[in-house]
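Have a look at the structure below before the remarks.
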Amino acid sequence: VGATSQIITVTQEAGDILLSVSSTVKNIAKEAGSKDSVFVTSNTSWTAASDQLWLVLEPENDSGNDMLVFTAEANPLSTARIANITVAAVGATSQIIVVTQEAGSAISDNFELDNTTISNGESTCFNAYLNITVAGNSAVIFENGSSVNLIAGQSVRFLPGFHAQSGSFMNASITLNNSFCDSRIPISSPIVTQPEKKNLKNERIIKEQTILKAEKSIKVYPNPNNGNFTIELTNFDSNADVYVYNMLGAMVYKSSIENQSNLNINLPEINKGLYFVKVIGENEQFTKKIVVN
């Protein structure tokens, strides 16, 4: 009492910013609406973002501890696909969650490709027994460095909203022999080819051609692969030349098989994408498609 009050300012050191997730690797089913989640632990505000439109996050921003739920659209691909989720907060190290969605399997009669971005380095294939429609309702983007193959039985239509960036590789084709993205999928009946009128001469020619094709054949495995694969020849009694071409028709490999039944090829620095393996024998040639992941 009677004295001037003294004010003391006390400064408390700021605590560390905390940000962590319960898992950085997740697998999700191929069906539409498939869900999974991670628990986010934090003492500050944070945001979450997916680099793929097919994976939706909830919530996209929050504060403190909470569950981050992600929901996937159906995977139309015959291969697995990957999305990266980034959880970030100011002053903390961002957390990356890698979500792998399992490969789709069924081929539908008609397929619509919408609201999709194929990223740099991603190689994929879309197919349909009848028709493929690309874009029209929302954007479809093939980024620089991506590789996309579209195979249909009747038509492939590109509508407004489709963008193929410079440096992307895209091949659209109509199959004439029921060969789709996964050649192991059995096809019950032809879609494009029309039945020809039968007569004894045609039947004899067809039988002779079938026997000729059965005598010599090639197999390429594994497919897809990482640039390391094997070509297996059946009933080749002479030398054969082997070529590997990219989607632009540029040759990336050449070799010969001399009286061997198979050839192991290793291309460790080959870019990801769709390639064509051509084997030329004495009186015949065979071409196989491979995917390098």
Side-chain angles (χ1 to χ4, degrees), residues 77-81 118-127 132 134 141-153 156 158 162-185 192 209 212-293:
L77 312 181
S78 59
T79 57
R81 59 181 180 178
I118 307 300
S119 302
N120 179 17
E122 186 176 355
S123 176
T124 191
C125 182
F126 301 94
N127 48 208
I132 295 177
V134 181
I141 302 172
F142 298 165
E143 292 185 345
N144 173 29
S146 65
S147 178
V148 182
N149 198 23
L150 302 163
I151 307 174
V156 180
F158 296 91
F162 167 64
H163 304 279
Q165 295 181 354
S166 175
S168 63
F169 298 91
M170 188 274 294
N171 179 57
S173 61
I174 305 301
T175 179
L176 297 177
N177 59 0
N178 298 315
S179 176
F180 290 89
C181 292
D182 189 345
S183 59
R184 295 168 297 177
I185 298 176
V192 176
Q209 290 176 342
L212 179 61
K213 291 181 180 178
E215 289 178 350
K216 294 185 179 182
S217 64
I218 71 169
K219 182 187 297 183
V220 182
Y221 61 89
N223 190 18
N225 58 69
N226 60 358
N228 187 0
F229 57 93
T230 298
I231 301 175
E232 182 179 297
L233 307 184
T234 301
N235 294 328
F236 273 70
D237 52 5
S238 59
N239 298 344
D241 295 321
V242 177
Y243 304 87
V244 180
Y245 298 91
N246 64 20
M247 291 181 61
L248 297 179
M251 185 174 63
V252 298
Y253 177 85
K254 177 183 178 181
S255 184
S256 296
I257 301 179
E258 299 180 357
N259 299 321
Q260 301 177 31
S261 60
N262 58 67
L263 173 67
N264 296 320
I265 298 177
N266 186 19
L267 304 173
E269 298 182 358
I270 193 171
N271 293 326
K272 297 179 181 179
L274 180 70
Y275 291 84
F276 299 91
V277 177
K278 179 175 288 188
V279 178
I280 302 178
E282 184 176 359
N283 296 310
E284 64 287 304
Q285 65 178 19
F286 299 85
T287 301
K288 295 287 186 181
K289 290 182 291 187
I290 64 171
V291 175
V292 177
N293 291 332

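FYI, the numbering just counts along the sequence from 1. Computation of the quantities below employed the complete heavy-atom set of this structure, encompassing side-chain atoms and omitting hydrogens, waters and symmetry-equivalent molecules.
Remark: Phe142 CZ to Thr124 OG1 distance equals 9.0 Å, nearest 0.5 Å. Atoms CG and CD1, from Leu150 and Ile132 in turn, are 5.0 Å apart once rounded to the nearest 0.5 Å. Atom OG1 of Thr175 is separated from atom CG of Asn127 by 9.5 Å, given to the nearest 0.5 angstrom. How far CZ of Arg81 is from OG of Ser119: 11.0 Å, rounded to the nearest 0.5 Å.
Listed here is the closest heavy atom pair of Pro222 and Asn228: CD-O, 3.9 Å. Shown here for Val279 and Ala240, the closest heavy-atom pair between the two residues is CG1-CB, 4.0 Å. When all heavy atoms of Val292 and Asn226 are compared, the closest pair comes out as CG1-C, 4.0 Å. Contact between Tyr221 and Glu232 at its shortest, heavy atoms only, is OH-OE1, 3.2 Å. In terms of heavy-atom proximity, Ala172 sits nearest to Phe158 at CB-CZ, 4.0 Å.
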N/O donor to acceptor pairs below 3.5 angstrom from side-chain atoms of residues 268-278, sequence neighbours left out:
from	atom 1	to	atom 2	distance (Å)
Tyr275	OH	Asn271	O	2.8

Problem set entry | Criterion side-chain contact (heavy atoms from CB on, under 4.5 Å) on Ile218 and Lys288, from CA distance to verdict | CA-CA 8 Å; Ile218 71 169; Lys288 295 287 186 181; 3.6 Å; yes
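When atom types are taken as modelled, the side chain of Glu122 and the backbone of Ser146 share no donor-acceptor pair closer than 3.5 angstrom. When atom types are taken as modelled, the side chain of Asp241 and the backbone of Lys254 share no donor-acceptor pair closer than 3.5 angstrom.
Side chain to side chain, Asn171 and Asn149 meet the donor-acceptor criterion of an N or O pair below 3.5 Å.
Annotation: side-chain hydrogen bond (donor to acceptor under 3.5 Å, both in side chains) contacts of Tyr243 (sequence neighbours excluded): none. For the side-chain hydrogen bond (donor to acceptor under 3.5 Å, both in side chains) test, residues two or more places apart in sequence or in another chain that qualify with Thr230 are Asn264.
Side-chain contact between Ile141 and Glu143 is present, with heavy atoms from C-beta onward closer than 4.5 Å. Under the 4.5 Å side-chain criterion, counting only non-hydrogen atoms from C-beta, Cys125 is in contact with Ile151. Taking 4.5 Å as the limit, some side-chain heavy atom of Phe229 sits within range of a side-chain heavy atom of Val220.
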